[in-house]
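Down below is the structure, laid out as structure tokens.
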Amino acid sequence: MFSPQTWQDAQRVWDYHRMDHRVRPCSVAVGLGSHDVGVADASAGLYHCGMVPLLVFTGANSPTTRERMPQGEAVRYRERALELGVPADAVLVEPRARNTGENIAFSRALLEDRGVPVGSVLLVSKPYEERRAYATARKLWPQVDVVSASTSENLGEYVGSIGDARLVVDMLVGALQRLLIYPAEGFMIEQEVPADVLDAYERLCRAGFTSRLAPVGARRALDEDGRPPGRGSRAPNH
């Protein structure tokens, strides 16, 4: 059982990760591989709604998916999309990517190799990865318009679908940490982070939701002042 403060903080971070872009027709949808087959479901739905003529699924395996998706994340997503009625010739698979940067770079290279003209991309991810995916694509694929999309689940529904509340909150924290530290490493553009979101993130770190922090955070989740390293931009709380 989590405290009310933990749920409030998780909700703040969740809401920040969701970008609430208006979905519109794009050249292609790129579904980012993960443990969550809901990404494939959302991508198939976008195809059936006429938002895109082509899907690209990208992803190899991670420790989280190695057992449940031995064929690879992108291959499993393709199987799911076909189950949902997407024609086989409307799905491309990029099976090598092992992180978000590779998801973007390898998908871009695949589409260029196939001669697919791309002016805009519907980037489909887990709900709490929308902002990270967007920031990464804007850095690595700046020539295209990027629209972030995911399933429409709220935090409670998503926790129910995953079945592990602590894991979900750990992932929320890890995704935000990367938004704070990766711009300096050239992996993504910088995103302004409101003060109340940073405060919620810091409380969650102090409460021990740190299993999904990148190595710098896993070694030392908080600095001497009780704040996570790599705070990034802090916006006024309004």
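One-based numbering along the sequence shown. Only this structure's heavy atoms are used, side chains among them; waters, hydrogens and symmetry mates stay out.
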Is there a donor-acceptor contact under 3.5 Å from the side chain of [X] to the main chain of [Y]?
X	Y	answer
Arg108	Leu140	yes
His17	Leu172	yes
His21	Ser148	yes
His35	Ile162	no
Ser27	Gly119	yes
Arg212	Ala175	no

Practice item. Check the side chains of Ser3 and Gln5 for a donor-acceptor pair under 3.5 angstrom, ignoring hydrogens and angles. Key: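 Their side chains do not contain a donor-acceptor pair, so the 3.5 Å distance test is not met.
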
Drop me the distance from [X]'s [atom1] to [Y]'s [atom2], to the nearest 0.5 angstrom.
X	Y	atom1	atom2	value
Phe187	Arg132	CZ	CZ	10.0 Å
Phe106	Asp113	CZ	CG	12.0 Å
Thr151	Asp36	OG1	CG	6.5 Å
Lys126	Ser150	NZ	OG	10.5 Å
Leu46	Arg24	CG	CZ	12.5 Å

Side-chain heavy-atom pair [X], [Y] within 4.5 angstrom cut-off:
X	Y	value
Asn99	Arg178	no
Cys26	Val121	no
Leu54	Leu111	yes
Leu180	Tyr201	yes
Val39	Ser34	yes
Ser120	Val144	no
Gln177	Tyr182	no
Arg131	Gln191	yes

Is [Y] reachable from [X] through a run of hydrophobic residues whose side-chain heavy atoms are each under 4.5 Å from the next?
X	Y	result
Val124	Val52	yes
Leu92	Ile104	yes
Val169	Leu179	yes
Tyr47	Val30	no
Met19	Leu122	no

Practice item. Let me see the working for Thr210 and Asp170 under side chain to side chain contact (heavy atoms under 4.5 Å, CB included), right down to the final yes or no. Key: CA-CA 6 Å; Thr210 57; Asp170 280 347; 5.9 Å; no

Ignoring hydrogens, what is the shortest heavy-atom contact between [X] and [Y]? Give both atom names and the distance.
X	Y	answer
Leu110	Val93	CD2-O, 3.8 Å
Asp41	Arg80	OD1-NE, 2.7 Å
Cys205	Val173	SG-CG1, 3.8 Å
Val13	Ala200	CG2-CB, 4.2 Å
Ala90	Val86	CB-CG1, 4.1 Å
Gly72	Asn61	CA-OD1, 3.6 Å

Exercise for review: Given side chain to side chain contact (heavy atoms under 4.5 Å, CB included), test Leu32 with Thr58 step by step and report yes or no.
Suggested key: CA-CA 5 Å; Leu32 307 187; Thr58 168; 3.9 Å; yes

Point to revise | Pairing of Arg12 and Asp9 as salt bridge, 4.0 angstrom limit | key: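 A salt bridge links Arg12 with Asp9.
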
**Study point:** Pair Arg76 + Glu79, salt bridge at N-O below 4.0 Å
**Key:**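 Salt bridge flag = yes for Glu79 with Arg76.
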
Check your understanding: Glu94 and Phe57: side chain to side chain contact (heavy atoms under 4.5 Å, CB included), yes or no, with the steps?
Key -> CA-CA 6 Å; Glu94 185 296 296; Phe57 292 127; over 6 Å; no

Check your understanding: Relative to each other, are the rings of Phe2 and Trp7 parallel, tilted or perpendicular (30° and 60° limits)?
Key ->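 Taking Trp7 first and then Phe2, their aromatic rings sit tilted (interplane angle of 30° to 60°).
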
Exercise for review: Hey, can you tell me if Trp14 and Tyr158 have their rings parallel, tilted or perpendicular (30° and 60° cut-offs)?
Suggested key: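 Geometry flag for Tyr158 against Trp14: tilted rings.
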
Review point. Would Val28 and Leu55 count as a side chain to side chain contact (heavy atoms under 4.5 Å, CB included) if you check the C-alpha gap in whole Å, the side-chain angles of each, and the deciding distance to 0.1 Å?
Key: CA-CA 6 Å; Val28 63; Leu55 307 179; over 6 Å; no

Practice item. Show the numbers, then the answer: is there a side chain to side chain donor-acceptor pair (under 3.5 Å) between Glu130 and Ser125? Key: CA-CA 6 Å; Glu130 280 192 17; Ser125 66; 5.7 Å; no

Check your understanding: Does the ring of Tyr128 carry Arg18 above it, NZ/CZ under 6.0 angstrom from centre and within 45° of its axis?
Key ->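 No, cation not above the ring by the 6.0 Å, 45° rule.
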
Exercise for review: State whether Phe209 and Arg166 meet the cation-pi test: NZ (Lys) or CZ (Arg) under 6.0 Å from the six-membered ring centroid, and within 45° of the perpendicular axis.
Suggested key: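 Yes - Arg166 lies over the ring of Phe209, closer than 6.0 Å to its centre and within 45° of its axis.
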
